[in-house]
Visitor: 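Below is one structure. I have some questions about it.
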Amino acid sequence: MGSVQPPDRQAVQEVDVAVIGCGPVGALTANLLGARGVRTLVVERSATAHGQPRAFSCDDEAMRIYQQAGLLDEIRDATIAPPLVEYVNGAGRVFARMSLSETDFGYGHAPLRFFDQPRLEHTLRAGLDRFPHVQLSLGAELVGLTQDEDGVTVLLSDVATGQRRAVRARYVLGCDGARSATRAAVRIPLSGASYAEPWLAVSGDVPSDAVRVGDTRFVCDWRRPAFVSPGAAGSYRMEFMLRPGETEDEMRRPATVAALVSPYVDPDRFTVTRAVVYTFHHLIAQRWREGRVFLLGDAAHQMPPFMGQGLCSGLRDAANLSWKLSLVLSGAADAAILDTYETERRPHTVEMARTSVRLGHVFLARNRVTAGMRDAVLRAVQTIPRVRRFVERFEFKPVPAYRRGLMAGGRRAGVVGTMFPQPRVLVPGAPGERLLDEVLGDGFAVLGRAGVDNPLGAWRRGLPARFVAIHPSGTPLADLPGSSGGLADESGDGGPDRVDVVDADGVLGAWLRRHGVDLVVLRPDRFVFALATVDGVEQARRDLSTALGAPDGDRSRADTPGLAAAADS
């Protein structure tokens, strides 16, 4: 795409961030930015909701990100958590099993959930209505893009009329999928492989008494591998590999679809909502940033579906980049921190994709002998308790951790650079137990034992953080500060400086003891920035100040009037 010339005599709209694409990743990104007061324009080529059940699953990390966006209840209520996943051979015999109902990675949510994508997208788009500083522009497409030192000018075209308009943004985020116009505009190539095996994906609705296989299964039949599972809201999802010589038109015929789904649901009572043939890819953009333009989700990476991690990886991108952009736009951090987006996210994404490929090799044995050997080996090794646990508890999934990036020392060291757990806590003035993130706010947080003096004095010089004082399990709420109702130590800036909580199950206290520290500093995305003893609080503050590129500690949200006004609205 060439340089952009704004249409004559037309005012140029100015925003902080332009998000190109309003699928799940783009909509989630805009919600996260909106929650932080960032003036955001979301551009979507389609004039109507996508309406297709493409993505199907998400994990506990994704649910935690939806929680950070303030949409947990709406999304969780529209999903189901499968209790187990089975790997069966062509005869239906189980040779491996993942016991998801017994698996808890500690992040506050079930390790796997199934959802209906149209309903998910509706929820995410409805969430944007909470923010007057976020605008959704439907029926518009990106046709031009030019950058300079201060921002990006994008040229948008109305799909229906061809009328063009220019928008000026500080940053542009390409969330526009595998055929990303944003990626093309900044001339970033993809590298990797596409797989020749086509698949038929069938989605539909079915009454519960018409379901013949009620569990989630990978059908590892060497003649035709398949995936089948009940979904959310009475839906059912099935995917079947095509055999050599089979065509898309043939496979999509109602009679063919009925024959394929018959072992799993009653075809006469199964209403097909989508039946498409696709091939999957293992591709990654050579770089995820070009100046002020960033790529997220499928625009940056595409992976095989066997781990169900394609969408989840895009949501992780959004969670990683959104808070960094907010700090930069507010003047609280130097723009150099944006380089850590790809530094952190690329290695984890590559590892997740490789794990998906390896799992696919198990799934896609294509001859009788190889499949028989696979079944026998997997059954045998699972007689070893540690191996069985590794499989059943989904321990082969890459952990959420960053090797290098925005953390004390710049590199992972022990738990620094990993995602912090999210147990349940009790808070004065709040009924029942609450998930930890609900009391952390949306910025940095410092967690420490209640006996530790409030360390916030070391942080107030331009590096605001909320201090969470952890009281042992069993402590009466009436004994806590703030027990008369509400959160303690209101600072007057819209949130408390300090929150006192009871460690309901003892998880937080045990975590601090296990790592021999008094305090842990958490990033806004709930990855561990630093560990500290009481004597090391000031050093942790200096480390964070240095990492943010704000050594003087005198930058504040008020330095960016437009952003501050949006946050106050």
Side-chain angles (χ1 to χ4, degrees), residues 23-25 27-28 49-63 65-66 71-88 97-101 103 109-125 199-219 225-241 252 257-258 260-278 280 304-315 356 359 363 394:
V25 172
L28 185 276
H50 293 138
Q52 289 291 320
R54 293 168 295 181
F56 180 70
S57 66
C58 64
D59 61 10
D60 48 352
E61 298 168 53
M63 294 301 293
I65 295 168
Y66 291 136
L71 297 171
L72 175 62
D73 290 343
E74 296 91 332
I75 291 175
R76 182 174 54 196
D77 290 347
T79 66
I80 65 167
L84 59 85
V85 175
E86 294 180 331
Y87 286 77
V88 304
R97 177 182 287 112
M98 290 185 289
S99 301
L100 300 180
S101 62
T103 300
H109 303 286
L112 180 65
R113 300 192 79 93
F114 294 142
F115 59 86
D116 175 67
Q117 181 168 345
R119 184 168 178 176
L120 171 68
E121 292 196 18
H122 173 78
T123 299
L124 291 172
R125 291 190 182 191
W199 286 72
L200 173 71
V202 180
S203 299
D205 299 321
V206 62
S208 58
D209 60 349
V211 173
R212 294 171 175 170
V213 172
D215 296 323
T216 301
R217 288 187 177 182
F218 286 90
V219 183
F227 167 81
V228 301
S229 179
S235 65
Y236 206 98
R237 177 70 162 258
M238 289 164 277
E239 301 194 11
F240 306 94
M241 180 183 278
R252 294 180 61 196
V257 172
L260 288 171
V261 307
S262 181
Y264 312 106
V265 297
D266 180 350
D268 294 331
R269 303 175 66 192
F270 179 66
T271 302
V272 176
T273 57
R274 181 175 183 255
V276 298
V277 172
Y278 74 97
F280 56 83
F306 305 114
M307 288 278 292
Q309 288 293 312
L311 173 60
C312 295
S313 294
L315 302 181
S356 296
L359 192 61
F363 183 32
F394 207 11

Visitor: Using the salt bridge (Lys or Arg N to Asp or Glu O under 4.0 Å) criterion, which residues pair with R217? Sequence neighbours excluded.
Guide: E86
Visitor: I need the minimum non-hydrogen distance between A81 and R113, along with the two atoms involved.
Guide: CB-NH1, 3.8 Å
Visitor: Please round to the nearest 0.5 Å and tell me the distance separating atom NE2 of H122 and atom CD of E74.
Guide: 10.0 Å
Visitor: Measure the shortest side-chain to side-chain distance between V202 and Y236 over non-hydrogen atoms and say whether it is less than 4.5 angstrom.
Guide: no
Visitor: Go through the structure and list residues passing side-chain hydrogen bond (donor to acceptor under 3.5 Å, both in side chains) with R125, not counting sequence neighbours.
Guide: none
Visitor: Can you list the residues that meet the side-chain hydrogen bond (donor to acceptor under 3.5 Å, both in side chains) rule with S229, with sequence neighbours excluded?
Guide: T216
Visitor: Considering residues at least two apart in sequence or located in another chain, which fulfil the salt bridge (Lys or Arg N to Asp or Glu O under 4.0 Å) criterion with D73?
Guide: R76
Visitor: Which distance, rounded to the nearest 0.5 Å, do you find between the CG of L200 and the CZ of F240?
Guide: 7.0 Å
Visitor: Could you tell me which residues satisfy ring pair (Phe, Tyr, Trp, His ring centres under 6.0 Å) with F114, sequence neighbours excluded, listed by chain and number?
Guide: F56
Visitor: Would you mind telling me which of L71, D77, L72 makes a side chain to side chain contact (heavy atoms under 4.5 Å, CB included) with I75?
Guide: L71
Visitor: For a quick test of reading the model, state the closest non-hydrogen atom pair linking R54 to R237 and the distance between them.
Guide: O-NH2, 2.6 Å
Visitor: Contact between L100 and L84 at the side-chain level, heavy atoms closer than 4.5 Å - yes or no?
Guide: no
Visitor: Between V265 and M238, is there a side-chain heavy-atom distance shorter than 4.5 Å?
Guide: yes
Visitor: Roughly how far apart are T123 OG1 and L28 CG, rounded to 0.5 Å?
Guide: 12.0 Å
Visitor: Between R252 (side chain) and V257 (backbone), is there a donor-acceptor pair under 3.5 Å?
Guide: no
Visitor: F218 vs F227 aromatic rings, parallel, tilted or perpendicular, using cut-offs 30° and 60°?
Guide: tilted
Visitor: Can you find a heavy atom in the side chain of L112 that is under 4.5 Å from one in the side chain of P82?
Guide: yes
Visitor: For P207, enumerate each residue passing the side-chain contact (heavy atoms from CB on, under 4.5 Å) test, keeping only those at least two apart in sequence or located in another chain.
Guide: D209, A210, R269
Visitor: To the nearest 0.5 Å, what is the distance between CG on L311 and CD on Q117?
Guide: 7.0 Å
Visitor: Check side-chain contact (heavy atoms from CB on, under 4.5 Å) between D60 and all other residues, then give those that pass, not counting sequence neighbours.
Guide: F105, Y107, H109, K397
Visitor: Are the side chains of M98 and Y87 in contact, using a 4.5 Å heavy-atom criterion?
Guide: yes
Visitor: Can you sort out the partners of S203 under side-chain hydrogen bond (donor to acceptor under 3.5 Å, both in side chains), two or more places apart, ordered by chain and number?
Guide: none
Visitor: Restricting to salt bridge (Lys or Arg N to Asp or Glu O under 4.0 Å), what partner residues turn up for D268, sequence neighbours left out?
Guide: none
Visitor: For P267, check side-chain contact (heavy atoms from CB on, under 4.5 Å) against everything at least two apart and list the hits.
Guide: R212, A258, V261, S262
Visitor: side-chain hydrogen bond (donor to acceptor under 3.5 Å, both in side chains) with D266: which residues, sequence neighbours excluded?
Guide: none
